[in-house]
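Keep in mind that the numbers below use all heavy atoms, side chains included, and drop hydrogens, waters and symmetry copies.
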Amino acid sequence: MSVSYRPVGWTRSKIVYDAVLIAGIGLYLAAFMRSAPRGRPAGTLLDDQSLAIKAYGSCAFLLLTLVLMIGPLARLDARFLPLLYNRRHFGVITCTVAAAHAMAVFDWYFAYSPLSPWVALFATDTTWGDLRGFPFIPFGLAAFLILLVLAATSHDFWLNFLTPPVWKSLHMSVYAAYGLAVLHVAFGAFQDARNAGLPVLVFGGSTVLVTLHLAAAWREHRLDRRGPVDATGWIAAGRIGDVPAGRGLVVPLADGSSVAIFREGDALSAISNLCAHQNGPLGEGRLRDGCVICPWHGYEYRLRDGCAPAPFTERVATYKLKLEADMILLDPKPNPLGTTVEPIAIGERGR
Amino acid sequence: MTQHDGIAGPRTDEFFIGWSGKAGPRLSRFLAVVAMLCLTGMGFIGYGLSRHADDPAAGLLRLGERDGAGGPVRPDDWGGEEILRGHVSRFGPPLLHLPPSGEFPRGRVMLLAGDGKKGPDLPAGSGPMELRGSVLRRGAIEMLVVEGQGQPLDASTGLNPAMHEPLGRWRIAGEICDGKCYAGAMRPGSGLAHKACANLCLIGEIPAVFVTVDPIAGSRFLVLAGPDGRPLPADVYDWVGIPVELQGEVERIGNVLVLRLELTRMRRL
Ligand code: HEM
Ligand code: FES
């Protein structure tokens, strides 16, 4: 939680996270450019520059696949949540590897010419009319530009400047970047591929990714089937017994947002399920001292009024609850930010 | 309760708070296993992709010259600097004609390029010249990469053009490549992935070659010339790096074939 901006708030977990990531990339590149070529007959070796282009390109693709797997994995199994937490560093590092790929291409394919590499980039392949020979480099360029914008706006400053919803939708374009990267390889390297390695990486990777997203969405869809709205507008949110111990019961609303109902001691409270930081799922957070801790980056909100404890200033909306027997009813209209709502006592019903 | 004091929840349900950087022992173990899997996985994938990557010389849609065992013909190592004297012709791209010898009874013809993706720096016109540079060689194709400026020699040197022999009109299937990469500068670069790079060479006046599916009069490649022997027009860039069928007059000049391309008869395969 920051009230003033620092370039990066380093913690031990972030350092370990980045170290593992960088070690993985180091291993990949060393295996690709150093160990594996030693196992090949001399005449079949690529020049070092082409080898580097392929190593960085495939590494960037692999990283992009991995970073996009984290979201659905965390939705399917909460133990993956810590990987989500530092995902922005992952993204920036992926962009750096993609930049190394692009620079290697510039220094080899687009160099040694009287023409400027920038002119060459746009002037050397313009066969737009032929699908079997369609220019594939523009797809890579577009993917890279998206990664660059996302990396540049990854800091909390931009999150607050753009507001979380705008930031979040901007960062959804990482999926467009992934699609463009698939097209880049499908229209490029695949066209001449004579072995299955790259196709397996690209189609295998994207199939796993799509499957994970579908599995996560299916799971959420099943959890989301809840009671209908009654005449007064209140929603049947669930039974007291449905509220998991120490966690929130997540109630989806018709407008696409959702509410998290928590039980602390013998009383229930409801706040928005969306963290004011990056829309993290507060319902999957934990309770401590009357506050909900967001599972993504650890922002805290008091259950009573949805406010972060001082000196922090973030706020989420509270919601009104009432009980009918052991059925929890929820008013889907959010209270104005900062409204205090007394927790409703369960009394005998929850025992 | 977990070891995070005051956080409600069953013991098995460890919770990680990002900024605190603490994870319980079970979660830590889980994350350590995930990290190890990622690390070894990345090492293996990198090794596997590179170890089994396509043989670059076997590119060209399996076109091009084959060695005795049916394998691709590989580029020779770059030779040292040589000084060569011969006749430079300007029919299509400039070609260096070296005098006939036992091995090359009709005369030996080299393609010419400059340093990088540029054509050679030659005196205007054709005629006897002295050129300095190193030779790129892959099987039957030879290209002199000219250093500095070629020097004109006077006509009395007796350096004549190699034998010309018209072979008639042909319709041929293959792939257009830049002569320098095909001769081995990029060991060799070919195909669609290499198209932009090849076009940059052609724009820089590196001669184009047409690598054929079937041998034509004993050769697996032809030097491409524009209609009437003029340089290739820019339309050709769209036809590089993909399977195409070309038509035109073929001529044998020394030990190489030259195809005078008829632009209206190019066909995508
Ligand atoms: C300015 C941006 C980019 C340019 C100019 C570019 C250019 C190229 C070129 C020329 C190739 C063909 C190389 C070859 O096969 O020899 C290539 C291959 C490739 N690129 Fe890119 N690219 C860019 C961005 C990206 C991005 C963002 C990704 C992935 C996230 C990517 C992934 C790949 C992959 C996986 C290959 C196949 C490598 C192989 O042949 O094994 N590229 N790129
Ligand atoms: S989304 Fe970042 S702390 Fe909640």
Minimum heavy-atom distance A:R40-B:R51, with the two atoms named: NH1-O, 3.3 Å
At a 4.5 Å cut-off on heavy atoms, which part of A:L29 comes close to chain B: side chain, backbone, both, or neither? neither
With only heavy atoms counted, which part of A:L83 is less than 4.5 Å from chain B, the side chain, the backbone, both or neither? side chain
Which atoms of A:L84 approach chain B - backbone, side chain, both or neither, heavy atom under 4.5 Å: neither
So, A:R263 and A:D266, do they make that salt bridge, N to O below 4.0 Å? yes
Is the shortest side-chain N to carboxylate O distance from B:E245 to B:R171 below 4.0 Å? yes
Identify which part of B:V34 has an atom lying under 4.5 Å from any heavy atom of chain A, answering side chain, backbone, both or neither. side chain
Taking every heavy-atom pair that is under 4.5 Å apart, which of A:A30, A:A31, A:A123 has the most such pairs with chain B? A:A31
Heaviest contributor of heavy-atom pairs below 4.5 Å to chain B, chosen from A:L66, A:D130, A:L62, is A:D130
Taking the six-membered ring for Trp and the single ring otherwise, decide whether the centroids of B:Y47 and A:Y28 are under 6.0 Å apart. no
With no hydrogens and no angle check, just 3.5 Å: does a side-chain donor-acceptor pair link A:D18 and A:H89? yes
At a heavy-atom separation under 4.5 Å, does A:F110 approach chain B through its side chain, its backbone, both, or neither? both
Between A:Y301 and A:Y299, what is the ring plane arrangement, given parallel below 30°, perpendicular above 60°, and tilted in between? tilted
Hey, is the main chain of B:L49 close enough, under 3.5 Å, to the side chain of A:K54 for a donor-acceptor pair? no
Heavy-atom pairs under 4.5 Å with chain B are the metric here; pick the option from A:G197, A:S35, A:G39, A:A23 that has the most. A:G39
Taking all non-hydrogen atoms of both residues, which atom of A:S58 and which atom of A:F32 are closest, and how far apart? OG-CE1, 3.6 Å
Most contacts with chain A, counted as non-hydrogen pairs under 4.5 angstrom, among B:K118, B:M36, B:R268: B:R268
Side chain, backbone, both or neither: which part of A:F187 has an atom under 4.5 Å from a heavy atom of chain B? backbone
Per-residue contact mode, A:A55 against chain B (heavy atom under 4.5 angstrom): neither
Can you tell me which portion of B:I203 sits under 4.5 Å from chain A's heavy atoms? Options are side chain, backbone, both or neither. side chain
So does A:D77 pair up with A:R79, basic N to acidic O under 4.0 Å? yes
A:I25 versus chain B, the contacting section by heavy-atom distance below 4.5 Å: both
Heavy-atom distances under 4.5 Å only: say whether A:T126 touches chain B with side chain, backbone, both or neither. both
